[in-house]
Amino acid sequence: MAIFKKKNVAERILPDHIAIIMDGNGRWAKKRSLPRTAGHAAGSKNFKDIARYCNKIGLKYLTVYAFSTENWKRPKEEVDNIMKIFKEYLEDAKNFKDENIQVQFIGDRSVLDEDIQRLMKESEDASCDATGLHLNIAINYGGRDEIVHAVKNIVDSGIDAKDITEKTITDSLYTAGQPDPDFIIRPSGEYRLSNYLIWQSAYAEYWFSDILWPDFKPKDLDRAIEEFNKRNRRFGGV
Ligand code: FPP
């Protein structure tokens with residue numbers, strides 16, 4: 001675990017892996033009488049700021065929930081708009097390369113537009129040697145879907161049922177090789193996991209807040225990390 005030092009703040013332990021549900025874009029826009037699309041644009045800008053901040057403080061892993069397997073149920077216009085914002089981010093992703101952030105996408109990308117899939121691969125390839133923050137962007141991601149995917153791969157590998165362990169499953173998830181998220185943050189006043197990293201979050205600590213995602217600033221992340229430092233993690237022990 002990295003020690004996070006900040007002026008005027010006592011030394012703090014950073015989580016190994018923070019996972020954020022970027023919720024509340026729609027309500028942020030509604031409060032300002034703006035279309036929901038403006039909320040997603042503000043959410044996207046905030047995502048970039050928070051990712052940069054996480055990299056700056058030395059966090060090793062950050063996973064953000066950008067689009068779930070359930071989000072296809074939204075009106076087509078809104079889905080198209082989120083995909084457009086995502087594509088703009090990908091086209092601009094070279095800015096992230098200079099910041100030494102390694103980008104990885106988790107989720108079933110096979111149903112996304114070919115253009116977007118190509119840009120995703122380019123962004124992963126261009127940043128694969130980065131040694132700073134490892135940024136997972138969950139897109140068309142669902143925890144149950146991920147487990148189904150893993151089970152199919154395990155069956156296809158021909159492994160004997162008696163040889164299957166928890167590690168077999170962990171190693172078959174999109175997040176194979178990464179530490180489990182130890183801190184999950186959900187702003188916007190909802191208290192749900194929403195099919196997010198359901199296998200990986202078995203022992204995670206949770207932090208909820210009423211702040212809407214576009215208003216969630218580095219100081220709020222600092223506050224959440226302070227709270228994480230107060231938790232007594234026992235992993236089922238005493
Ligand atoms: C949840 O807020 C947000 C989403 C489903 C989309 C998140 C998308 C982005 C932040 C932009 C694209 C992402 C990247 C990585 C560039 P909501 O719409 O459910 O808000 P509400 O609950 O207030 O309606």
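Each ligand, and each atom within it, is numbered from 1 in the order the structure gives. Computed from a predicted model, the values in this text were never measured in an experiment. The first residue in the sequence is number 1, and the count goes up from there.
Every atom of ligand 1 is numbered from 1 in the order shown, and the set under 4.0 Å from a heavy atom of R74 is 5 (C), 17 (P), 18 (O), 19 (O). Less than 4.0 angstrom separates some heavy atom of A66 from each of these atoms of ligand 1: 6 (C), 7 (C), 8 (C), 13 (C), 15 (C). Interface atoms of ligand 1 facing S44, defined by a heavy-atom separation under 4.0 Å, are 10 (C), 11 (C), 16 (C). Listed by number with element, the atoms of ligand 1 under 4.0 Å from a non-hydrogen atom of M22 are 1 (C), 2 (O), 3 (C), 10 (C). The contact set between ligand 1 and G43, taken as ligand atoms under 4.0 Å from a residue heavy atom, comprises 10 (C).
Under the ring pair (Phe, Tyr, Trp, His ring centres under 6.0 Å) rule, F105 has a single partner from F86, Y89, F67, which is F86.
The shortest contact between atom 12 (C) of ligand 1 and any protein heavy atom is with I85 CG2, 3.9 Å. Annotation: atom 5 (C) of ligand 1 to nearest protein heavy atom, N71 OD1, 3.5 Å. In terms of protein heavy atoms, atom 20 (O) of ligand 1 is closest to G26 N, 3.0 Å.
Contact annotation: for V64 versus ligand 1, there are no heavy atoms closer than 4.0 Å. When heavy-atom distances to ligand 1 are checked against a 4.0 Å cut-off, K45 has no atom that comes that close, whether in backbone or side chain. Of the heavy atoms in K30, none comes closer than 4.0 Å to ligand 1.
In the hydrophobic cluster analysis, where Ile, Leu, Val, Met, Phe, Trp and Tyr join through side-chain heavy atoms closer than 4.5 angstrom, W207 is grouped together with I57.
For the pair F183 and H17, the minimum side-chain heavy-atom distance is 4.5 Å or more.
At least one heavy atom of F47 lies less than 4.0 angstrom from ligand 1. Put simply, no part of K48 is less than 4.0 Å from ligand 1, judged by heavy atoms. Ligand 1 lies less than 4.0 angstrom from a heavy atom belonging to R36.
When the options I20, N25, I21 are ranked by their closest heavy atom to atom 9 (C) of ligand 1, first place goes to N25. For atom 4 (C) of ligand 1, the nearest non-hydrogen atom from the set R27, H40, M83 comes from H40.
For the pair R74 and W72, the cation-pi test (distance below 6.0 Å, angle within 45°) is failed.
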Open item on the list: Go through it in stages, so that I can follow the logic: the residues are D80 and K76, the test is salt bridge (charged side-chain N to carboxylate O under 4.0 Å, His left out), and I'd like the CA-CA distance, side-chain angles, deciding distance and then a yes or no.
Closed with: CA-CA 6 Å; D80 287 350; K76 184 178 180 307; 2.6 Å; yes
Open item on the list: I'd like to know whether M120 forms a side-chain contact (heavy atoms from CB on, under 4.5 Å) with L112, so could you lay out the CA-CA distance, the side-chain angles of the two residues, the decisive distance to 0.1 Å, and finally the verdict.
Closed with: CA-CA 10 Å; M120 287 163 74; L112 302 177; 3.7 Å; yes
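Side-chain atoms of N100 and T131 include a donor-acceptor pair closer than 3.5 Å.
Ring centroids of W213 and F47 are separated by 6.0 Å or more, keeping the two rings apart.
Ion pairing of R118 with E122 is present here, as a side-chain N (NZ or NE/NH1/NH2) and a carboxylate O approach within less than 4.0 Å.
Not a single donor-acceptor pair under 3.5 Å links the side chain of D180 to the backbone N or O of A204.
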